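The structure presented is a predicted model; accordingly, all values stated were derived computationally and were not measured. Reminder, nothing fancy here: chain letters follow the sequence lines and each chain counts from 1.
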Amino acid sequence: MLNIGGLKQGVVIDHIEAGGAMKIYEYLQLDKLDEQVAIIKNAKSNKMGKKDIIKIEGPLTLNLDMLAVMNPNITINIIEDEKIVEKRHLRYPEKVTNILKCKNPRCITSVEQEIEHCFKLTDPVKGVYRCVYCEQAYSKK
Amino acid sequence: MPRHIISPLDLSVDEMKDLFDLADDIVANPGKYAEICHGKKLATLFYEPSTRTRLSFEAAMLNLGGNVLGFATADSSSAAKGESVSDTIRVVSGYADICAMRHPKEGAPMVASRFSSIPIINAGDGGHNHPTQTLTDLLTIRSLKGTLEGLTIGCCGDLKFGRTVHSLVNAMVRYKNTKFVFISPEELKIPDYLRREVLDAGNIEYREVKKLEENMPGLDVLYMTRVQRERFFNEEDYIRLKDSFILDKKKLEFAKPDMLIMHPLPRVNEISTEVDDDPRAVYFKQAQYGVYVRMALILKLLGLA
């Protein structure tokens, strides 16, 4: 377990797939924060082998549910007075816009310019998202 | 905001009943509706060729006393110059009162509906949805069987890629005591998502079988689809299997005397022409019902009935 003693109050985004931290950093626009942000790449993990971690100083003001779409294994630790006070599991949001891209070559999104890529949650247990236009299930592969 | 029909499930069961009641009235009293759309224009934006659907829409609007304008291939439209669907529909919204769109890309009519100020009817988007075919199928069944409840529907042929079957299943599960028998080669069985998300999730009774004859006796409706050569991995399998899914007089001996034989058309050889004279063969009537249901839909979407 990584030492989180340095964070008095903040959020630790844990169990990010190794190599995935920068995508989340960009999505959450963490570069715009004034608070401290630490990115740990390739940390050792018993469960995952390697993982990434992001630590953000300060109170939680971001909606992190979208991270479940990017990576459902992510866990959120809320830190206060240098202790984990809450381990939060992410909930799949009902709709996501411009996070996933439809990979179906027959979908209108493959040719129509400047169209929003919208997905809706169709299986809340398995986290299946379908493109609202062609209804094809999103696959990471 | 105009109302659009993009998916077969955009209409509730009650709305479908209203629509079919109106279609019944159109069949009974065509004169009453002959001029009702006078001065109204239907735009048929067909980005890929389709004889039947386009003519059916145009016949529907002409039967209502309206006019039609449009194009029949993407080459003859501004799409050839690279215009987006969203731009095209905003322009066409100023020319016509209602639009039927066919497009090879899945979801194109939905994109159009987001930018349109006139009602959009999806006239087929790639292998995805074709709601007016489903409405046609349901009106045919209701008109000829007198009900949409308690029916055993046999679907035969290419059940994996055949969108008409997927839409029919999605629409028919909303009626009480519908049962399905899916008759197809192993390679062309219904897709997993349909089995899991629609049939199993809704506790719908269904069987998946490989032989047409022995499953024929219990069917109220037999919905035939084309088994295409290119769907098979090798020619041998195609030749071995294709005859099992061809309907001929001999196989029909096992069917109920009032079973309906339906087909979305075009037919190639999956229904032998010797079946055409059988009173149970209703696929050409089905195409006629397609015009009536499109007339009813145009009236509903224009708020004229």
Side-chain angles (χ1 to χ4, degrees), chain A residues 17 20 23 26-27 29 63 65-74 89-141, chain B residues 4 6-10 45 47-48 74 77-90 101-116 120 122-131 134 160-161 163 166-167 169-170 191-198 200-202:
Chain A
E17 212 171 48
K23 204 175 160 192
E26 282 162 19
Y27 169 70
Q29 299 185 316
N63 180 358
D65 280 343
M66 284 297 170
L67 301 186
V69 180
M70 299 162 99
N71 189 336
N73 298 320
I74 285 175
H89 287 275
L90 298 171
R91 250 184 271 166
Y92 290 112
E94 286 294 317
K95 274 187 176 178
V96 295
T97 303
N98 290 338
I99 292 176
L100 307 174
K101 275 205 156 210
C102 186
K103 293 176 182 171
N104 175 7
R106 298 178 306 277
C107 180
I108 185 67
T109 53
S110 68
V111 292
E112 186 86 355
Q113 302 266 316
E114 295 174 32
I115 189 174
E116 285 187 333
H117 284 244
C118 303
F119 282 76
K120 62 184 173 199
L121 181 66
T122 56
D123 185 337
V125 179
K126 291 185 179 161
V128 178
Y129 281 89
R130 289 186 184 276
C131 171
V132 298
Y133 302 103
C134 69
E135 294 183 276
Q136 189 159 104
Y138 178 78
S139 137
K140 276 199 164 181
K141 287 171 197 164
Chain B
H4 311 287
I6 305 301
S7 145
L9 302 183
D10 283 352
L45 310 188
Y47 290 82
E48 64 176 5
S77 79
S78 54
K81 297 177 194 158
E83 188 176 50
S84 64
V85 168
S86 55
D87 280 2
T88 302
I89 198 60
R90 277 179 283 192
M101 175 184 282
R102 167 162 291 199
H103 201 289
K105 292 289 183 189
E106 299 170 8
M110 177 179 270
V111 170
S113 72
R114 295 189 167 187
F115 293 91
S116 176
I120 303 289
N122 180 0
D125 56 339
H128 183 216
N129 278 324
H130 191 0
T134 310
K160 186 176 181 183
F161 299 99
R163 66 177 171 192
H166 306 165
S167 298
V169 170
N170 271 304
D192 266 351
Y193 83 88
L194 198 65
R195 198 176 291 120
R196 211 179 47 240
E197 294 177 21
V198 180
D200 293 340

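To the nearest 0.5 Å, the span separating CZ on Arg91(A) from CG on Asp65(A) amounts to 6.5 Å. Of the inter-residue distances, the one linking His166(B) atom NE2 with Lys160(B) atom NZ reads 10.0 Å to the nearest 0.5 angstrom. Between Met66(A) atom CE and Tyr92(A) atom OH the span is 13.5 Å, to the nearest 0.5 Å. Interatomic distance, CE of Met70(A) versus CG of Leu100(A), reported as 8.5 Å (0.5 Å rounding).
For Ser110(A), the part lying near chain B is the side chain, with the backbone staying farther off; criterion is any non-hydrogen pair under 4.5 Å. In this structure, the portions of Val132(A) lying under 4.5 Å from any heavy atom of chain B include both its backbone and its side chain. Proximity to chain A is limited to the backbone of Pro104(B), based on heavy atoms less than 4.5 angstrom apart.
Every residue was checked against the ring pair (Phe, Tyr, Trp, His ring centres under 6.0 Å) condition with His128(B), not counting sequence neighbours, and none meets it. Shown here are the side chain to side chain contact (heavy atoms under 4.5 Å, CB included) partners of Ser84(B), two or more places apart in sequence or in another chain: Glu112(A), Ser86(B), Asp87(B). With sequence neighbours left out, Asn104(A) forms a side chain to side chain contact (heavy atoms under 4.5 Å, CB included) with Cys102(A), Arg106(A), Cys107(A), Cys134(A), Gln136(A), Glu106(B).
Against chain B, the residues from residues 118-130 of chain A that qualify, each with a non-hydrogen atom under 4.5 angstrom away, are Cys118(A), Lys126(A), Arg130(A) in number order.
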